[in-house]
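Accompanying notes for the structure given below.
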Amino acid sequence: MTMKKKLIFILMTLSLFLVGCGKQVADQSSSERIQTKPTITWGVKTDTRLFGLTNIATGEIEGFDIDIAKALTKEIGGKDAKAVFVEVTSKTRIPLLKNGNIDAIIATMSITDERKQVVDFSDVYFDGGQSLLVKKGSKIRSIKDLDADTTVLAVKGSTSAINIRKSAPDAKILELENYSEAFTALKSNQGDVMTTDSGILYGMVAQDKNYAVVGGNFTDEPYGIAVNKGQKDFVKELNVALKTIKENGTYQKLYDKWIPKND
């Protein structure tokens with residue numbers, strides 16, 4: 001073998017070795033990494049009362065999603081495991097997951113067939129459904145009252161606007177960046193009604209008693225924890241952990257702590 005051929009052979013071997021090493025790193029699942037570094041990075045909302053909201057006094061994010069994430073982290077990684085939280089919105093949560101910035105999304109995210117094409121979901125952890133929020137005294141009492149003279153406020157990247165277009169095709173829709181902006185727009189009369197999941201809307205009612213959730217749920221949109229494709233072991237661990245906290249009473253305790261009764 002000539003010196004030139006030897007050099008080419010060495011370079012090719014080295015190249016294959018490096019590719020193989022890179023693949024090992026790329027293929028390492030969240031499940032495997034958590035065993036060596038017991039930390040799970042969660043994408044969460046920070047503007048959604050009851051589910052994920054930044055407490056201005058403490059700087060901490062609080063809510064049902066947050067506490068469920070903490071409980072699942074302990075179940076999967078052990079008592080010393082750490083839950084790290086990264087702010088996401090309906091628009092940014094999937095890109096951040098796909099880019100590897102977070103391990104999982106627990107952010108009032110409905111399980112849909114469209115989303116299943118790009119992410120995998122855990123079992124259902126909250127039975128969500130879309131409803132309507134209006135100022136008390138509004139003539140709007142249900143989805144049937146939304147017509148061409150109605151402006152509906154929704155959030156970009158969520159399923160809310162899509163559902164409204166199906167259920168009330170004549171209504172005008174104004175999409176905002178996040179729930180805080182949408183609620184502020186409702187208060188400033190930029191719209192007649194706001195729509196999203198009822199759990200989120202009840203959080204807004206808790207914030208301002210001048211508003212009410214009306215008409216009941218007009219969709220069935222269960223929440224799931226989203227994980228990147230190719231992480232089947234991690235999804236299994238999440239489901240086992242979720243089942244465990246439901247069986248040992250932790251889930252119900254957290255549910256009662258954050259979710260208001262529908263009365």
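Worth saying up front: this structure is predicted, and the values here are computed from it rather than measured.
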Apply side-chain hydrogen bond (donor to acceptor under 3.5 Å, both in side chains) to Asp113 and Gln117, showing your working. CA-CA 7 Å; Asp113 290 337; Gln117 301 303 310; over 6 Å; no
Examine distances only and state if a side-chain atom of [X] and a backbone atom of [Y] form a donor-acceptor pair shorter than 3.5 Å.
X      : Y      : value
Asn99  : Asn101 : no
Asp103 : Ile40  : no
Thr89  : Lys91  : yes
Thr219 : Gln130 : yes
Ser138 : Val134 : no
Asp197 : Gly199 : no
Thr54  : Asp47  : no
Asp192 : Thr151 : yes
Arg49  : Ile200 : no
Asp145 : Ser142 : yes

Any [X] side-chain heavy atom under 4.5 Å of [Y] side chain:
X      : Y      : answer
Val152 : Arg165 : no
Leu176 : Lys156 : no
Phe64  : Ile259 : yes
Ile173 : Ile164 : yes
Trp42  : Lys70  : no
Met194 : Tyr211 : no
Lys98  : Asn228 : yes
Leu72  : Leu242 : yes

Can you tell me how far [atom2] of [Y] sits from [atom1] of [X], rounded to the nearest 0.5 angstrom?
X      : Y      : atom1 : atom2 : value
Ser198 : Leu132 : OG    : CG    : 10.5 Å
Leu201 : Thr195 : CG    : OG1   : 6.5 Å
Phe51  : Tyr179 : CZ    : OH    : 10.0 Å
Glu175 : Ser90  : CD    : OG    : 10.5 Å
Ser188 : Leu153 : OG    : CG    : 8.0 Å
Ile140 : Lys135 : CD1   : NZ    : 13.5 Å

[X]-[Y] co-clustered via ILVMFWY side chain contacts under 4.5 Å:
X      : Y      : value
Val44  : Leu97  : no
Val124 : Val235 : no
Ile94  : Leu238 : no
Tyr202 : Met109 : no
Ile66  : Val84  : no

Closer than 4.0 angstrom, basic N to acidic O: yes or no for Asp208 and Lys187? yes
Closer than 4.0 angstrom, basic N to acidic O: yes or no for Asp67 and Lys257? yes
side-chain contact (heavy atoms from CB on, under 4.5 Å) between Lys45 and Glu87: does it pass, once the steps are laid out? CA-CA 6 Å; Lys45 296 282 184 66; Glu87 178 184 0; over 6 Å; no
Minimum heavy-atom distance between [X] and [Y], given as atom pair plus value:
X      : Y      : result
Ala69  : Thr73  : O-OG1, 2.7 Å
Ser122 : Ile111 : O-CD1, 4.1 Å
Val214 : Ser131 : O-OG, 3.3 Å
Gly191 : Leu186 : O-CD1, 3.6 Å
Ala81  : Lys74  : O-NZ, 2.8 Å
Val205 : Ala212 : CG2-CA, 4.1 Å

Step through the shown structure and confirm whether more than 12 heavy atoms of other residues, nucleotides or ligands are within 6.0 Å of NZ on Lys246. yes
NZ or CZ of Lys232 within 45° of Phe234 ring axis and under 6.0 Å: no
Derivation of the side-chain contact (heavy atoms from CB on, under 4.5 Å) call for Glu177 and Val155: CA-CA 6 Å; Glu177 289 295 329; Val155 172; over 6 Å; no
Given Val227 and Phe121, is the side-chain contact (heavy atoms from CB on, under 4.5 Å) satisfied, shown in steps? CA-CA 6 Å; Val227 173; Phe121 281 100; over 6 Å; no
Of the options Asn163, Thr112, Thr108, which is the one that meets Glu221 in a side chain to side chain donor-acceptor pair (under 3.5 Å)? Asn163
Apply side-chain contact (heavy atoms from CB on, under 4.5 Å) to Thr41 and Val86, showing your working. CA-CA 7 Å; Thr41 303; Val86 173; 3.6 Å; yes
Look at the aromatic rings of Tyr125 and Tyr223 and report parallel, tilted or perpendicular, splitting at 30° and 60°. tilted
